[in-house]
Amino acid sequence: MKVSVEKLPSSEAVLEVDFTWDELEKASDKAFRKLVQQVDIQGFRRGKAPRSLVERRLGKEYIYQEGLDELISDAYRDTLKEHDLTPISQPKLDAPEFEIGQPYHVKLTVPIVTPVELGDYRSLHFDRDEILVTSEEVDKELEALRNSSATWEEVERPAAFEDRVTMDLRLVSGEQQISDLKDNPFTLTSERTGLFTGLDDNIIGMQAGESKEFTTTIPTDYSNEKLAGQEGSYTVALHKIEERHLPELDDAFAEKVSEGQYESVETLSKVLSDNILDRKKRTVRDELREQAIKAVIEQSTFTIHPLLIDEEVEEMEHQFSHMLEQQHLSFDQYLMMTRKSMEEYRQELRPDAEARVKRQLVLDEIARQEEITVQADELEALFNAYFIEGRNIGDRATLAEIAEQAGLDSEDTARFLAGPDGAEEVVAEDTSARRIGINAVPCFIFERKYVVSGAQEAEFFFPLFDLLKTEQAAAAPAQ
């Protein structure tokens with residue numbers, strides 16, 4: 001058998017295979033041994049009939065064709081593996097009819113994933129600003145806790161801002177009824193936006209038991225274009241006015257809101273400050289990761305077959321459809337509401353789909369070059385956890401999520417990102433901008449598994465993805 005492979009600029013591969021007649025004969029023998037087990041020939045036990053009788057029953061050409069099909073399948077599979085080709089879809093087959101006694105030539109054209117050509121991603125450097133937590137931020141958190149612990153007391157006075165009122169409310173615009181609420185609570189505010197803009201100012205000063213009619217103008221930027229800018233007519237009946245009482249900011253409050261974990265405001269404030277710092281670190285980490293990936297994408301060269309983008313569009317459509325189902329909406333209802341055709345919707349998805357494909361290709365190539373592997377037992381544990389939760393493990397998005405968790409949480413990856421023993425000294429001695437560890441987020445694409453990978457040497461502490469989960473790495477000194 002002779003095989004040649006040509007990779008085309010269109011992200012396709014052309015496989016040309018030549019079989020000798022001797023190979024076809026051997027393949028037909030193999031096909032016969034399989035088929036004779038499936039055919040009942042009178043006078044013979046299954047599997048014992050001579051080939052001449054099986055050929056008479058099935059046809060001689062049929063047996064040769066079965067052998068040829070198996071030869072082509074094996075050659076195709078082996079060639080993909082040997083040349084590291086990732087097919088996107090089934091190949092286009094150019095296969096003439098074979099002739100008894102003659103060699104055979106077949107041509108297969110298959111769309112493939114073309115690996116991205118990365119730029120010099122090891123030379124990328126990103127500085128991180130110092131992360132600080134201010135007393136104002138802690139005070140804001142404390143105030144939010146006080147507000148969530150507030151109590152309400154009914155009062156007999158005119159309604160004021162920050163009061164909670166209970167009332168019936170009817171809103172119409174022209175002949176269209178927009179709202180008809182009964183015993184609905186509203187907390188009066190001077191900053192209300194949206195449909196009920198202007199409502200609060202007209203409630204201020206009312207007493208419980210009073211009714212009132214008034215008009216407002218619905219904001220011009222309201223989402224419903226038919227109502228935006230129109231006059232709204234209200235009829236309200238106020239039933240109850242309640243005044244908010246905030247708890248004192250003392251040690252008793254700290255112990256109560258923490259369910260006994262913290263006995264003083266000072267301790268609670270320290271915990272809140274630490275939580276704010278952790279959130280900021282995660283935000284900086286995520287922003288830095290996205291900045292790094294974007295930079296790598298911008299300096300990379302792609303050859304993307306349109307089928308890859310088509311697949312990603314289908315996946316995005318599937319995910320969005322699932323979200324609509326959770327909101328009890330069908331896709332047809334969504335299209336009708338947005339006045340779009342399915343083709344228009346899919347065309348709008350294509351830019352984002354292309355960006356997602358580029359991201360996957362970049363992360364895959366970095367993973368391949370750096371050779372960090374996720375341990376099998378870590379993946380197995382995640383699969384088991386998802387199975388127990390009833391998650392659909394066959395779903396592509398779920399597979400990607402499992403792979404990402406395996407990559408981000410594995411000790412091997414963390415050790416690589418933090419570097420081997422003494423890696424912090426290596427970083428500290430670097431006189432350039434602060435260096436950041438690498439993590440290529442793993443993903444599953446095109447039914448082929450791609451996991452994070454990377455070298456285990458200190459010099460690979462180059463500045464890319466900082467996904468460290470250890471305080472030790474986060475505290476590495478800037479130069």
Side-chain angles (χ1 to χ4, degrees), residues 1-115 305-308 310-311 314 368 376 379-380 383 392-396 399 444-450:
M1 180 177 64
K2 179 182 178 183
V3 180
S4 67
V5 176
E6 179 186 6
K7 295 182 181 179
L8 303 180
S10 57
S11 197
E12 293 179 318
V14 177
L15 286 58
E16 301 208 39
V17 189
D18 290 287
F19 301 107
T20 65
W21 175 247
D22 184 55
E23 289 171 324
L24 292 176
E25 284 275 39
K26 291 179 180 178
S28 74
D29 290 339
K30 183 178 178 182
F32 163 71
R33 290 193 296 271
K34 181 187 297 183
L35 292 170
V36 74
Q37 302 294 331
Q38 304 169 8
V39 179
D40 290 321
I41 303 292
Q42 188 174 1
F44 295 91
R45 287 182 297 165
R46 179 170 288 193
K48 299 300 183 180
R51 178 163 176 166
S52 59
L53 293 180
V54 176
E55 287 180 350
R56 189 179 303 172
R57 171 69 64 85
L58 299 177
K60 186 175 184 179
E61 291 77 7
Y62 180 84
I63 296 176
Y64 274 94
Q65 188 64 56
E66 284 290 304
L68 177 59
D69 290 346
E70 189 70 24
L71 270 183
I72 294 174
S73 296
D74 290 345
Y76 176 67
R77 182 178 59 251
D78 294 343
T79 302
L80 292 181
K81 183 177 180 180
E82 180 182 350
H83 292 267
D84 196 22
L85 301 176
T86 304
I88 302 170
S89 65
Q90 292 297 320
K92 178 182 177 182
L93 189 64
D94 182 4
E97 291 186 12
F98 77 93
E99 298 180 20
I100 298 293
Q102 298 298 316
Y104 190 79
H105 176 85
V106 64
K107 177 180 176 182
L108 302 98
T109 304
V110 56
I112 59 172
V113 178
T114 301
H305 197 285
L307 279 177
L308 281 185
D310 293 342
E311 283 192 356
E314 289 180 8
R368 187 190 67 80
L379 278 176
E380 183 179 2
F383 271 99
N392 179 13
I393 298 177
D395 181 76
R396 176 178 168 187
L399 286 174
F444 284 74
I445 59 175
F446 322 125
E447 299 183 357
R448 179 174 176 181
K449 184 170 71 176
Y450 293 81

side-chain hydrogen bond (donor to acceptor under 3.5 Å, both in side chains) between Ser28 and Arg51, worked out: CA-CA 11 Å; Ser28 74; Arg51 178 163 176 166; 3.1 Å; yes
One pair to check against side-chain contact (heavy atoms from CB on, under 4.5 Å): Glu66 and Lys34. What are the steps and the verdict? CA-CA 10 Å; Glu66 284 290 304; Lys34 181 187 297 183; 5.8 Å; no
Give the intermediate values and the outcome of side-chain contact (heavy atoms from CB on, under 4.5 Å) for residues Asp94 and Thr109. CA-CA 8 Å; Asp94 182 4; Thr109 304; over 6 Å; no
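Shown here is Glu97, whose CD atom has no more than 12 heavy atoms of other residues, nucleotides or ligands within 6.0 Å. Around CZ of Arg56, the count of heavy atoms belonging to other residues, nucleotides or ligands within 6.0 Å does not exceed 12. Surrounding CD of Gln90 are at most 12 heavy atoms belonging to other residues, nucleotides or ligands under 6.0 Å away.
At least one side-chain heavy atom of Leu108 sits less than 4.5 Å from a side-chain heavy atom of Ile72. Using a 4.5 Å heavy-atom threshold, the side chains of Phe19 and Pro103 count as separate. Counting heavy atoms from C-beta outward, Leu85 and Val110 have side chains that stay 4.5 Å or more apart.
Close placement of the Trp21 and Tyr64 rings is indicated, their centers lying within 6.0 Å of each other.
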Atom pairs and distances, side-chain donor-acceptor, residues 6-16, under 3.5 Å, sequence neighbours left out:
unit_1	atom_1	unit_2	atom_2	d
Ser10	OG	Glu12	OE1	3.2
Ser11	OG	Ile112	O	2.8
Ser11	OG	Thr114	OG1	2.8
Glu16	OE1	His105	NE2	2.8

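The closest donor-acceptor contact from the side chain of His305 to the backbone of Leu307 lies under 3.5 Å. A donor-acceptor pair under 3.5 Å links the side-chain atoms of Tyr104 to the main chain of Pro96, judged by distance alone.
Here Asp22 pairs with Thr20, Lys26 under the side chain to side chain contact (heavy atoms under 4.5 Å, CB included) rule; sequence neighbours left out.
Between Asp74 and Arg77 there is a salt bridge, with a side-chain nitrogen of the basic residue lying less than 4.0 Å from a carboxylate oxygen of the acidic one.
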